[in-house]
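The figures that follow rest on heavy atoms only: side chains count, while hydrogens, waters and symmetry mates do not.
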Amino acid sequence: MPGSSLEEDGDLLDMAGTQGCEQLPTTPAPISLICPSCGSTHVAQVLGDNGGISYVCTACGHSWS
């Protein structure tokens with residue numbers, strides 16, 4: 001009886017690792033936003049006036065989108 005597709009994916013990853021293929025990380029690295037005004041990394045993501053996404057620096061109050 002054939003295995004599940006998850007088992008097959010795991011087998012393929014194991015095989016790729018043994019054949020010298022580089023494995024990708026399972027979680028992406030976090031990306032920090034930097035305030036263009038003061039250089040702080042204390043930045044919050046907020047909803048903009050028109051439903052878009054804007055950012056505001058919690059250190060100096062500068063906002064941008």
Quick one: are C38 and C57 in side-chain contact, heavy atoms under 4.5 Å? yes
**Item:** Under 3.5 Å donor-acceptor, S65 side chain and I53 backbone
**Value:** no
- request: Go through S54 and S63 one step at a time and tell me if the side-chain contact (heavy atoms from CB on, under 4.5 Å) criterion holds.
  value: CA-CA 7 Å; S54 295; S63 61; 5.9 Å; no
Does the side-chain contact (heavy atoms from CB on, under 4.5 Å) test come out yes or no for C60 and C35, once each step is laid out? CA-CA 9 Å; C60 72; C35 174; 3.8 Å; yes
With sequence neighbours left out, the residues meeting ring pair (Phe, Tyr, Trp, His ring centres under 6.0 Å) with H62 are W64
query = Does L47 belong to the same Ile/Leu/Val/Met/Phe/Trp/Tyr cluster as V56, with side-chain heavy atoms less than 4.5 Å apart forming each link?
reply = no
Evaluate the side-chain proximity of L33 to Y55: yes if any heavy-atom separation is below 4.5 Å, no if none is. yes
